[in-house]
Engineer: 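The structure is given below, and queries will be raised subsequently.
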Amino acid sequence: MKLNPRQDEAVKYISGPCLVLAGAGSGKTRVITNKIAYLVQECEYKAKNIAAVTFTNKAAREMRERVLQTLGKQDAKGLWVSTFHTLGLEIIKKEIKTLGYKTGFSLFDDQDTNQLLAELTEKEFERDKDLLNLLKNQISNWKNELILPERAIREAREPQKAQFAQLYARYQVQLRAYNALDFDDLIMIPTLLLAQFNEVRERWQSRFRYLLVDEYQDTNTSQYELVKLLVGERARFTVVGDDDQSIYSWRGAKPQNLVLLKKDFPGLRLIKLEQNYRSSGRILKAANILIANNPHEFEKQLFSELGYGDPLRVIATKDEEHEAERVVAEIISHKFMQRTSFKDYAILYRGNHQARVFEKALMSNRIPYKLSGGMSFFGRAEIKDMMAYLRFLVNQEDDNAFIRIVNTPKRDIGPVTLEKLGTLANEKHISLFEACFDTELPNRLHGRGMNALMGFARWVVELADRAIRGDTLEAVRDMVRESNYEAYLYESSTSAKAAEMRMKNVSELYRWISEMLSGDEDNPPMTLPEVVTKLTLRDMLERNEEEDEADAVQLLTLHASKGLEYPHVFMVGMEEGLLPHQTSIDEDNVEEERRLAYVGITRAQQTLTMTYAKSRRQFGEMITPELSRFVEELPQDDLAIEGKAPVKTQEQRMQDGQSKVAGLRAMLKR
DNA sequence: TGAGCTTCATTTTTT
DNA sequence: ATGAAGCTCA
């Protein structure tokens, strides 16, 4: 298919900074991939001098695939396509000497971070989860704003902020001691590094002579800063984004970065993509009218040439069970009449808890479904165990990993032994593993615990040794075998079946590792530390090919639906308090909720059905929600509203009266 | 070690 | 209300 004039302009403007405002379904990925091809084929850029950055691995993978299709393997050689975090990791790895980290550092994921912070704050706020979360977010915010502990301490005004800043400092010291980094560090550290050292910055600027950024509205301050440092004065870059699809400000994204771009780069060329190739005219009109209620920095009008299409349906149901049953019934009859596939249908909701009722309804109707999100592969205990083993193999200073594996499977190393080991490690400022070999240890630990600990320590030393000098894969295999992990799974699982499942997961992980270690024609072999960080970043080969192919109804949150499209979309729970979520109403932040609704609507290609329940259980109590204001904001002529009784019958009035009496009675009871 | 008890939270999630 | 997750005591 040919590019339209706007797309063409976006592809061919390469002489300066370029912002592409790409509305939903306007073919932005096509623009990015075509632009990369254009740079290489027509403008004498070398692929290895081009970097494209995304937010998710999935997006990066897709982009790489599509560029490869357009350019061919040969021309695309050396092209850098990755997430922000992987790019940051690359810079850290290459500049590790300047940074003073040891090779084989650990990457802490969210849970590791939580654990470390929980330990750090045990005394201060006796495992108050709210406080802990507050602290975690505050630290993350500081890092995203490129504020180091010293400055946080200096600038803290309220006592709580001051306390948090102190804890932030301790947290960073502790990470350093573990030779570990967290996810936010992967952006903050390279950014500070590039800002500080001219020579390093120039090196990276000449490595990446052209930069492309996808979903730019989701960047936070440190990511934007990194972009600026990478493009430098030459400012050869293209960023693609849509302020109307900014739905992640709650985790630090700064959609204002779109506006900042105009200020920071006065020569910025602004190109709008307004033709939508996805949705019917009616769906698009509704989306336009809805989002017009938000203030706009950049005006745009999406249009579609795909025909006007069916009205948007609005269905009222009695309660959440009925809502689920109704949606499932609609899918069944529609599929039967239109001869569609299950995978053409998506059910979108605001919160994960809403999925349960739909799962139940789908299951009892024997309809295959795919639930995205939820506890993933890496949330499983057995996978976390294995990851801890691997991490420890790579970095023996990683106390978090040490604690997880030292007595898993059971090795007679109990809390008392660990307590004593921990005290010694603390006193001497060494890692737990180092403490195992400290000359002082035999004076404090004897007998069974000591023996067990020594046995474990020696085993690990030997294993790490084998991993370094010999066949790494073999060492990993020995690790699983010699730890008797399989036997442990059978012992600790409730059933043999569950144990089998878990062992299958372990084997799957092992398979990935072996593939990554040996490499193939497209990917060079990796070292174990590389494999471990890649796994922690969830950046690996395709998950389950079969699972993606399966014909199943898609269940996902509105957030997770961004970037996807489906012929037939159901937006459920269109209620005040749920779609503009109550907390957002309270915080007066309905605009982001409206964008969320906008994202949902623009996922639909042919039909869109919105449902709401007239009563719903919430925190144990029955509530009677109102229809979402977002439905009221839509063009009423394009809606087919069902179940919203226009005139109440005598009978209904009676029922209403009765329920009011019941409500009064319930109130009096308290 | 595991059944049964208490406690707890019920927006969105990637890396 | 409800379900999950953690925790205790036998």
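Heavy-atom basis, side chains included; hydrogens, waters and symmetry copies ignored. All chains are named by letter (A, B, ...) in the order of the sequence lines, taking the proteins before the strands, and each is independently numbered beginning at 1.
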Engineer: In whole angstroms, how far is the P atom of C:dG3 from the CZ atom of A:R356?
Structural biologist: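 To the nearest whole Å, that distance equals 7 Å.
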Engineer: Between A:T86 and B:dT15, is there a side-chain N or O to OP1/OP2 distance below 4.0 Å?
Structural biologist: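 No, outside the criterion.
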Engineer: Measure the distance from CD on A:Q111 to C1' on B:dT14 and round it to the nearest whole Å.
Structural biologist: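 In whole Å, B:dT14 C1' and A:Q111 CD are 14 Å from each other.
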Engineer: On a heavy-atom basis, which atom in A:P625 and which in A:E576 lie closest, and how many Å separate them?
Structural biologist: CB-O, 4.4 Å
Engineer: Touch check for A:T583, heavy atoms < 4.0 angstrom, all strands: base, sugar-phosphate only, or nothing?
Structural biologist: base
Engineer: Do A:F55 and A:H85 have their ring centres less than 6.0 Å from each other?
Structural biologist: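 That pair fails the under 6.0 Å test.
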Engineer: Under a 3.5 Å distance rule, please check whether A:N220 uses its side chain to pair with a backbone N or O of A:Q223 as donor and acceptor.
Structural biologist: yes
Engineer: Write down the distance between CG (A:D182) and P (B:dT14), rounded to a whole number of angstrom.
Structural biologist: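 Roughly 17 Å, once rounded to whole Å.
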Engineer: Specify the residues of residues 222-230 of chain A, ordered by number, for which at least one heavy atom lies under 4.0 angstrom from an atom of DNA chain B.
Structural biologist: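 Nucleic-acid contacts, sorted: none.
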Engineer: Has A:R176 got its NZ or CZ under 6.0 Å from the middle of the six-membered ring of A:Y101, at an angle within 45 degrees of the ring axis?
Structural biologist: yes
Engineer: Suppose we call a contact any N or O donor and acceptor under 3.5 Å apart; does that hold for the side chain of A:T56 and the base of B:dT14?
Structural biologist: no
Engineer: Could you walk me through whether A:T527 and A:E530 pass the side chain to side chain contact (heavy atoms under 4.5 Å, CB included) check?
Structural biologist: CA-CA 5 Å; A:T527 63; A:E530 282 173 332; 3.4 Å; yes
Engineer: Kindly point out which of B:dT10, B:dT12, B:dT15 is positioned nearest to the side chain of A:F183?
Structural biologist: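 Nearest to the side chain of A:F183 among the choices is B:dT15.
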Engineer: Need one value for A:F55: base, sugar-phosphate or nothing, where a base atom within 4.0 Å counts as base even if backbone is also close, heavy atoms only.
Structural biologist: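 Result for A:F55 = sugar-phosphate.
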Engineer: Atom CD of A:E621 and atom P of B:dT10: how far apart are they, to the nearest Å?
Structural biologist: 18 Å
Engineer: Take atom CD of A:Q582 and atom P of B:dT12, then tell me their distance rounded to the nearest Å.
Structural biologist: 15 Å
Engineer: Distance check needed: B:dT13 C1' versus A:N220 CG, whole Å only.
Structural biologist: 14 Å
Engineer: Measure the distance from CD on A:E320 to P on C:dT2 and round it to the nearest whole Å.
Structural biologist: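 Whole-Å distance recorded here is 11 Å.
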Engineer: With a 4.0 Å limit, can you tell me whether A:H581 has a side-chain N or O closer than that to the phosphate oxygens OP1/OP2 of B:dT11?
Structural biologist: yes
Engineer: Measure from the side chain of A:R617, starting at C-beta and using heavy atoms only, and say which of B:dT13, C:dA1, B:dT11 lies closest.
Structural biologist: C:dA1
Engineer: Distance check, P atoms only: B:dT12 and C:dA5, in whole angstrom units.
Structural biologist: 15 Å
Engineer: Quick check on salt bridge (charged side-chain N to carboxylate O under 4.0 Å, His left out): which of A:D399, A:D398, A:D385 does A:R391 satisfy it with?
Structural biologist: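 Testing A:R391 for a salt bridge (charged side-chain N to carboxylate O under 4.0 Å, His left out) against A:D399, A:D398, A:D385 leaves exactly one candidate, A:D398.
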Engineer: Sequence neighbours left out, what passes ring-ring contact (aromatic ring centres under 6.0 Å, His included) with A:Y345? Give chain and number order.
Structural biologist: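 A:Y345 satisfies ring-ring contact (aromatic ring centres under 6.0 Å, His included) with A:H334, A:H568 once adjacent residues are dropped.
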Engineer: Identify, between A:K58 and A:S584, the residue whose nearest nucleotide on DNA chain B lies closer to the 5' end.
Structural biologist: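 Result of the comparison: A:S584.
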Engineer: Decide if the gap between the ring center of A:F392 and the ring center of A:Y389 is smaller than 6.0 angstrom.
Structural biologist: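 So the answer is no for these two rings.
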Engineer: Using a 4.0 Å heavy-atom cut-off, does A:D184 contact any base of the nucleic acid, only the sugar-phosphate backbone, or nothing at all?
Structural biologist: nothing
Engineer: In whole angstrom, what separates A:E591's CD from B:dT12's P?
Structural biologist: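 Atom CD in A:E591 sits about 22 Å away from atom P in B:dT12.
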Engineer: Which one, B:dT13, B:dT15, B:dT11, comes nearest to the side chain of A:H559?
Structural biologist: B:dT13
Engineer: Give a yes/no verdict on base stacking between B:dT12 and A:Y248: centres under 5.5 Å, planes within less than 30° of parallel.
Structural biologist: no
Engineer: Just N and O in the side chain of A:N352: are any of them under 4.0 Å from OP1 or OP2 of B:dT12?
Structural biologist: yes
